[in-house]
Amino acid sequence: MFEVEQNVSFPALEREHLAFWKEERIFERSLEQNRAGKPFIFYEGPPTANGQPHWGSVFTRVSKDVFLRYQTMRGRFVPRREGWDTHGLPVEVEVEKELGVKGKAGIEAYGIEAFSRKCVQSVWRYIDAWHDMSQRIGFWLDTDGYATYHTYYVESVWWALKTLFDKNLLYQDYKSIWWWPQGNTGLSAGEVGEGYRAVDDPSVVVRFRTGDGRSLLAWTTTPWTLPSNVALAVAAKENYAEVKQTDGDVLIMARALVEKHLPEDSYEIVREFVGKDLEGLEYEPLYNWGDPGGKAHVVGCGDFVTLDSGTGIVHIAPAFGEDDNRYGKEQGLGFLQLVEPDGTFNADSEFVAGMNFKAADKPIMRDLKERGLLFSQATYRHDYPFCPRAPLDPLIQYARKSWFIRTSTEKDRVVKNNAAVRWQPEHIRDGRMGDFLRNNVDWALSRERWWGTPLPIWINDETGTMEAVSSTAEILVRNPDAFAAFDRAKAADPDLPDDLRVHKPWIDEVTWTRDGEPGTYRRVPEVIDCWFDAGSMPFAQWGYPHQNRDKFEAAFPADFITEAIDQTRGWWNAMLQISTLLFPDRAVPHPFRSCVVLGFITDAEGKKQSKRLRNYEPPMEALEKYSADAVRWALLSNTAPGLGAKFDGPIATEAVRDLLLKVWNVYSFLATYARIDGWEPQPPPPPVATRPTLDRWILAELDATVRDVHAAFERLESNVAARRLQALVDGLSNWYVRRSRDRFWTEGDSADKHAAFSTLHEVLCDVATLLAPFTPFLAETLFQRLGRGVDSDGVSSVHLLHLPDARDELADDDLRAAMAAVRDLVALGLQVRNVNRLKVRQPLAEAILVLGDPSRVEGYTDMFADELNVKRVTLSDEPAKYVEYEVVPNFRALGPKLGKRMPLCKKALAAADGSKLHAQLESTGTIRMRLTDGDAFELTRAEVEIRLRAKEGYAAASHGDRVVVLDTRVTDELKREGAAREVIHHIQAARKKLDLKYEARIQVTWHTDDDDLAQAVTEHESHIRRETLATTTQRGAPNADNKHEASIDDATLSFSIATV
RNA sequence: GCGCGCGUAGCUCAGCUGGUUAGAGCGUUCGCCUGAUAAGCGAGAGGUCGGUGGUUCGAGUCCACCCGUGCGCACCA
């Protein structure tokens, strides 16, 4: 107990605690002891484990930890399982890089089974790094978690998909989706959103000749889609014009856009008409590389055509753009797709055959130019999506048969569900999240890839009948030998992971037939968007509903989650969509009730941290350098929900100084004197009511803090709680300990000393407990050394404690207010000394207080006198001598009463003599006055505010209704006393320099040539001895070996110290 | 382009339902204190509360528009 090391190293202490927690299973115990408590359900958003954890991961995990620890210490049972997102593009892309293979052909050549096995391995590669980081920051998490590729998880996801399929919410359609040609797959809106970037694209206006000397002008930024054009669309009700150019050409375009495309005076308008009139007009295709096989090369009307840009005539290629595709279906147009899924032009495409779509822009433009079909060309800068996993690959809109979830028709219910969630900050609910959900389009679910949850739909290859399955068991019912191929492979190679049974390529071997039905059921080739995996986590982590139904029910919905705001379109969206669709009958909100939204961590300049720029310190290094608690405190106390945080070294250093060292110093003070005194806590502590004011004050502050901390957590504002604790620690260190110092070093036993020790001990114990969710390591250090509470197994950890509750017997708001007033007066007094160059060591005869409300500081004048080093404190009985009064309206009280006449009142009060008004108020209790508009007024005490200001000529300072006046006359007697204090100060400094023990006795030999100083020392000899623990003070020649010199005022004192 | 957030001291941020002298920490200058102190304390300097207009007796706070910044959305063919 009460160990104090000379140079405390927080990182070193932290490592000790990590070992202790592990050894004694403190995390597990903290769970076990609350097993009967009310559960607090938390979902861990599964991170993708295929990269090193970064500062964002640290921030998220710390934020989770503080809430979970808090709830645990409130007695809630808070299980927290980790989980890993293991499927999908991120993993595949990583493996592709590793293997050096690219594209569909590359992966197929490498072998799907081998590829899948690589993916499994890759997923676990960084897990150690994540565990190390989590452990080092003190994030407690049950590592016996889930991974999305495990069979039970996949089967759970299958169940979800089958449920949607059976509800007709999962469908296949030929639609335009965002397609990644190099990756051979489509992407969901969420993924696409990640990859937008500003790029320069060609912007061309092309002539479509009608064969009668006229040309329709159409604009596009994707020239490579022009060969696949099958129609042009116009706005039915807008005006169009035929324009004859001076060179004889006749062009058709929207009337309103003519000026934009043609120079003034270079044309004349021949004819005007509405778009509808163009309907049915046929034109010559630019190329004849394929047969659209249907209605084609004709003008139609489309309601999506606007005159915001281009020419008012829109080029339609149903094989690509989403509008184009829908329009093609509506109009019964033909279809021409000259670009293959891999992004290259097909063999029929003459001079661009085999060329990548993007590379074909230029040759096509050149060709059109040569043939006189290129009306104009420019560069167009706009945002365009690229593959988020391969930033050089532009995506294209590409018509493809894909699987969708019908989320758009269920939009209202999802929005309603979301509206019931408690978001912190609140604006996310109707802002970011709400907007995202309201703009929701059907979820493009399928991926034509390999490593993902296989879409569990089998189609009869003759009849086309579809069946969805929800488990391998269901498959085995249909065909007991369904997995024969896998089983043989497993027998041949026992290392084959069992989970590959439900993955490609093995799942594709699964087929069945049905009696009396021709054909074989074969699985569709697609896997699904891995966000669906993540969003299924609330039930799939348990393998629900195939197993663990009870566990699922017990842990649904979550009480609390927290992630960074980028999860709006990611995890939060997926969870809300899936849960709403799957569990329509459950009470909203689900699957989570509250969510704390985090911002991003930036560097010191506020720039986004990026691996490439290396503009941040690696987290693990920072944790070792500053300590995990410092990093945690810096992150937790500086960030409001929803906002980002800047993080750099100095901020962590500040946290060490502001909190860790401050708390540590208080502890070290207590420990030092407890050891000297042999004091030990003896429960129960003395009754609060019997303790001195200062003790009751800090206990009242403690209690107020407890209340505020709980209230802040109630509002999900951990940062507010952190700041409140900071304030308590300040008060403890800068006022309580400072003011109590001598109580700890008086000799012998006294009730006061015992109260001081008990109180400081008690407060530190509670501070340690309250800090435990924020700085678990420091809290543990304090707790252990303060020697409190040992559980039945002899294990003692702050993390097994309950947080203190508010205690009415401690609360004392009057005392808190009084002490605040005293501290304010002290600050004023110090200000007076400061301005008048009177250092605090110099005693002064008197301080005179003039107070608007003297009752408040009654009984505290001794404290004030001591702190200010004055002999006497007087409450002035003739304030008029020292101060002038100013009476100003209390706007809050008078505003509603006076309304428009408020300024008149203000003016009248300012014009009147404040001292007279004050006198009137004192004698009659009201102020009567006349406003400039002639109305008489009566103001009560509560309706005005009285301010005091010291008159000229006094050493005084004022604030509000308080004035402190100091008697600045330093008599010879006072001066000698001050000198004696100087002497004490210098002897103490020497003691410290000599590194003497606090309780060591000394003998002092001193000398000075100055008579006044000598008199001062002699006069105050006994005081000097007492303060410096000197047994003797002797005038004489100081020992030359250990001679100290001090200049006091204009004199010099030399002295030597000998230990006894 | 549309939407959301943010914009308060050199830096990082507080400022509740509008109430009149706008706060804290860091930094800086001066001073002080030290028997917990490689610490701490006080004071000074430093602010058109992004801008303009409006509502109101009163606006950092409410409204409108604008500017800057971050993010989100996305068929700009």
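Just so we're on the same page: letters track the sequence lines, and every chain starts at 1. Since we're looking at a predicted model, the values are computed, not measured.
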Peer 1: Closest approach to the side chain of A/Arg657, judged atom by atom: which nucleotide of B/rG27, B/rA77, B/rC13 is it?
Peer 2: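 Output: B/rG27.
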
Peer 1: When you match A/Asn719 and A/Gln831 each to their closest nucleotide on RNA chain B, which lands nearer the 5' end?
Peer 2: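 Upstream on the strand: A/Asn719.
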
Peer 1: Find the distance A/Glu654:CD to B/rA38:P and express it as a whole number of Å.
Peer 2: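 Going from CD in A/Glu654 over to P in B/rA38 covers 19 Å.
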
Peer 1: Determine which nucleotide pairs with B/rA9, using a 3.5 Å limit on both distances of a Watson-Crick or G-U wobble pair.
Peer 2: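 Per the H-bond distance test, none.
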
Peer 1: How are the rings of A/Trp664 and A/Tyr667 set to each other: parallel, tilted or perpendicular (split at 30° and 60°)?
Peer 2: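 Rings of A/Trp664 and A/Tyr667: tilted, 30 to 60°.
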
Peer 1: Suppose we define a pair by two distances each less than 3.5 Å, Watson-Crick or G-U wobble; what does B/rC73 pair with here?
Peer 2: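 In the structure as shown, B/rC73 has B/rG1 as its Watson-Crick or wobble partner.
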
Peer 1: Looking at every strand, decide which applies to A/Thr672 at a 4.0 Å heavy-atom threshold: base, sugar-phosphate, or nothing.
Peer 2: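 No contact.
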
Peer 1: Hunt down the Watson-Crick or G-U wobble partner of B/rA59, both distances under 3.5 Å, from any strand shown, or write none.
Peer 2: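 Base partner found: none.
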
Peer 1: Once you apply a heavy-atom cut-off of 4.0 Å, does A/Arg432 come out as touching a base, just sugar-phosphate, or nothing?
Peer 2: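 Result for A/Arg432 = base.
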
Peer 1: Name the nucleic acid region contacted by A/Ser176, choosing base, sugar-phosphate or nothing; use a 4.0 angstrom heavy-atom cut-off, strictly under.
Peer 2: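 Nothing, no heavy atom under 4.0 Å.
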
Peer 1: Could you identify the nucleotide paired to B/rC16, looking across every strand shown and requiring Watson-Crick or G-U wobble geometry with both distances under 3.5 Å?
Peer 2: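 Paired with B/rC16, as far as the under-3.5 Å criterion goes, is no nucleotide at all.
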
Peer 1: Using the P atom in both, what is the distance from B/rC16 to B/rG50, to the nearest Å?
Peer 2: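 Here B/rC16 and B/rG50 have their P atoms 14 Å from each other.
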
Peer 1: Does a side-chain N or O from A/Asn734 land closer than 4.0 Å to OP1 or OP2 of B/rC41, or not?
Peer 2: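 The answer is yes; a side-chain N or O of A/Asn734 sits under 4.0 Å from OP1 or OP2.
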
Peer 1: What contact category does A/Glu1027 fall into here, base, sugar-phosphate, or nothing, at under 4.0 angstrom with non-hydrogen atoms?
Peer 2: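 It contacts base atoms.
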
Peer 1: What is the distance, to the nearest angstrom, from the CG atom on A/Leu635 to the C1' atom on B/rC13?
Peer 2: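 So the CG-C1' distance, A/Leu635 to B/rC13, works out to 15 Å.
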
Peer 1: Please state how far atom OH in A/Tyr327 lies from atom P in B/rA77, giving the value in whole angstrom units.
Peer 2: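 Atom-to-atom, A/Tyr327 to B/rA77, this comes out as 18 Å.
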
Peer 1: Is it the case that the base of B/rC57 and the side chain of A/Arg901 share a donor-acceptor contact (distance under 3.5 Å, atom types as modelled)?
Peer 2: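 No such pair is found, so the answer is no.
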
Peer 1: Within the structure shown, what part of the strands sits under 4.0 Å from A/Asn665 by heavy-atom distance: base, sugar-phosphate, or nothing?
Peer 2: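 A/Asn665: base contact, heavy atoms under 4.0 Å.
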
Peer 1: List every contact pair, protein side and nucleotides 15-23 of chain B side both N or O, where the distance is under 3.5 Å.
Peer 2:
{"from": "B/rU21", "atom 1": "OP1", "to": "A/Arg947", "atom 2": "NH2", "distance (Å)": "3.4"}

Peer 1: Determine the interatomic distance between P on B/rG51 and the same-named atom on B/rA43; round to the nearest Å.
Peer 2: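 Nearest-Å result for B/rG51 against B/rA43 at atom P: 29 Å.
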
Peer 1: What is the distance from CG of A/Asp201 to P of B/rA77, rounded to the nearest Å?
Peer 2: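 That distance rounds to 8 Å.
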
Peer 1: Base, sugar-phosphate, or nothing for A/Thr225, non-hydrogen atoms under 4.0 angstrom?
Peer 2: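 It contacts nothing in the nucleic acid.
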
Peer 1: Under a 3.5 Å cut-off for both distances, is B/rA43 Watson-Crick or wobble paired, and to whom?
Peer 2: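 Checking every strand shown, B/rA43 finds its partner in B/rU29, with both distances under 3.5 Å.
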
Peer 1: Rounded to whole angstrom units, what separation is found between the CG atom of A/Leu636 and the P atom of B/rG25?
Peer 2: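 Computing the A/Leu636:CG to B/rG25:P distance gives 21 Å.
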
Peer 1: Applying a 4.0 Å non-hydrogen cut-off, can you work out what A/Ile313 is touching in the nucleic acid: base, sugar-phosphate, or nothing?
Peer 2: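 The residue A/Ile313 makes no contact with any strand.
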
Peer 1: In Watson-Crick or G-U wobble terms, both distances under 3.5 Å, what is the partner of B/rU21?
Peer 2: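 WC or wobble partner does not exist here.
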
Peer 1: Identify whether any heavy atom of A/Arg724 sits under 4.0 Å from a base atom; if not, whether one sits that close to sugar-phosphate; answer base, sugar-phosphate or nothing.
Peer 2: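 Here A/Arg724 touches no strand at all.
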
Peer 1: Tell me every residue that passes side chain to side chain contact (heavy atoms under 4.5 Å, CB included) with A/Ala254, counting only those two or more places apart in sequence or in another chain.
Peer 2: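 In terms of side chain to side chain contact (heavy atoms under 4.5 Å, CB included), with neighbours along the sequence ignored, A/Ala254 is linked to A/Tyr240, A/Leu257, A/Leu307.
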
Peer 1: Please state how far atom CG in A/Asp566 lies from atom C1' in B/rC73, giving the value in whole angstrom units.
Peer 2: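 Going from A/Asp566 (CG) to B/rC73 (C1'), I get 15 Å.
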
Peer 1: With the criterion being N/O to N/O and under 3.5 Å, what pairs connect the protein with nucleotides 31-33 of chain B, and how long is each?
Peer 2:
{"from": "B/rC33", "atom 1": "OP1", "to": "A/Arg841", "atom 2": "N", "distance (Å)": "3.1"}
{"from": "B/rC33", "atom 1": "OP2", "to": "A/Arg841", "atom 2": "NH2", "distance (Å)": "3.2"}

Peer 1: May I ask you to say what A/Asp658 touches in the nucleic acid, namely base, sugar-phosphate or nothing, with a heavy-atom cut-off under 4.0 Å?
Peer 2: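 Sugar-phosphate contact only - A/Asp658 comes under 4.0 Å of backbone atoms but never of a base.
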
Peer 1: Report the distance from atom CZ of A/Phe2 to atom P of B/rA36, rounded to the nearest whole Å.
Peer 2: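 Nearest whole value for this atom pair: 16 Å.
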
Peer 1: For B/rG35, which nucleotide in any strand shown is its Watson-Crick or wobble partner with both distances under 3.5 Å?
Peer 2: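 Looking at the geometry, B/rG35 pairs with no nucleotide.
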
Peer 1: In whole Å, what separates the C1' atom of B/rG18 from that of B/rG58?
Peer 2: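 It works out to 8 Å between them.
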
